[in-house]
Amino acid sequence: SELAVPRLADVCLLDLVTQHGARRVLARHGDPARQHLVDDLLEWAPPARELPFPARRALAEGRTQWFSAPDDAWLVSVVRDPRELAGVRALELASIVSVPLVAEGRSLGVLTLSADRRRGAFSAADVEVVEQLAHQVSLVLAKAQRYELESRTSHTLQATLLPPHPPAVPGMTVAVRYLAATSGVEIGGDFYDVATLPGEHV
């Protein structure tokens, strides 16, 4: 959002596809005094309801949705909630572009940028820039999700393999430090234990 707003657009919305469905994770306005208008857009987005238009269509069709001059009649036809419609009207949008985020053959979400009437409508060149930005965001998201999955998997596996904390041994303080030899996945193959033996040996 810092790359896009306010240099390229006035409003930036980001919707991500998760295992529980689509979720709006970001809504930012280039004018801090108008941020409250887009904050409301988070309330009207999933999981409370389905993905708003035009992000919904961009995700369903897998292609850019560009509305160069949305008028009030168009807004009324695509925004179903009266309170949401009032909020969108207050943004005074002059142009909207929604680009699906796709990487490695997967739909990751939708990036939506909007310009208000003070900026004017997006040009075809602006739309190309938005598409390039969406492509870069897709690659970063795919990499982050892959890392998160690998990290979560490795930590779960590690927690399953490692023994519980050492038992209390009278007269001794026992501590363990586990340092995996591998880089990234943080899984090692060493096992340890503490056991008391006869003759006050451990």
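All residue numbers refer to positions in the sequence shown, counting from 1.
- Between Arg24 and Asp15, the shortest heavy-atom contact is NE-OD1, 2.7 Å.
- The minimum heavy-atom distance between Pro70 and Ile96, with the atom names listed, is CG-CD1, 4.1 Å.
- Residues Val130 and Leu111 share a closest heavy-atom pair of O-CD2, 4.5 Å.
- In this structure, Leu37 is not a member of the same hydrophobic cluster as Val5, with clusters built from ILVMFWY side-chain heavy atoms closer than 4.5 Å.
- A single hydrophobic cluster is not seen to contain both Val202 and Leu197; linkage of ILVMFWY side chains at heavy-atom distances under 4.5 Å, directly or through other members, places them apart.
- Inter-residue side-chain proximity for Arg34 and Glu92 is flagged as met; some heavy-atom pair is nearer than 4.5 Å.
- Minimum interatomic distance between Pro166 and Val194 (heavy atoms only, all atoms of both residues): CB-CG2, 3.7 Å.
- Arg28 contributes no side-chain N or O that, together with a main-chain N or O of Gln35, makes up a donor-acceptor pair within less than 3.5 Å.
- Rounded to the nearest 0.5 Å, atoms CG (Leu139) and CD (Gln136) are 5.5 Å apart.
- Minimum heavy-atom separation, Arg56 to Phe53: NH1-N, 3.5 Å.
- In this structure the side chain of Ser107 reaches within 4.5 angstrom of the side chain of Leu59, judged on heavy atoms.
- Trp66 has its ring centre no less than 6.0 Å from the ring centre of Phe122.
- Its side chain outside the 4.5 Å cluster rule for every partner, Val102 clusters with none of the Ile, Leu, Val, Met, Phe, Trp and Tyr residues.
- Between Asp126 and Ala121, the closest heavy-atom pair is OD2-O, 4.5 Å.
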*Where do Val17 and Arg106 land on the side chain to side chain contact (heavy atoms under 4.5 Å, CB included) test, with the steps shown first?*
CA-CA 10 Å; Val17 175; Arg106 294 187 298 121; over 6 Å; no
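- Between the side chain of Arg57 and the backbone N or O of Ser98 there is no donor-acceptor pair closer than 3.5 Å.
- Linking ILVMFWY side-chain heavy atoms closer than 4.5 Å, directly or via other members, places Leu108 and Leu14 in a single hydrophobic cluster.
- Grouping the Ile, Leu, Val, Met, Phe, Trp and Tyr side chains by contacts below 4.5 angstrom, directly or via other members, places Leu13 with Val88.
- Under the 4.5 Å side-chain heavy-atom criterion for grouping Ile, Leu, Val, Met, Phe, Trp and Tyr, Leu85 is connected to Val11 within one hydrophobic cluster.
- Here the side chain of Glu128 pairs no donor or acceptor atom with the backbone of Ser123 at under 3.5 angstrom.
- Asp116 has its side chain within reach of Arg119: a pair of non-hydrogen atoms, C-beta onward, lies under 4.5 Å apart.
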- Query: Run the side chain to side chain contact (heavy atoms under 4.5 Å, CB included) check on Val127 and Glu131 step by step: do they pass?
  - Reply: CA-CA 6 Å; Val127 175; Glu131 290 176 331; 4.2 Å; yes
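- Remark: Leu101 CG to Leu16 CG distance equals 7.5 Å, nearest 0.5 Å.
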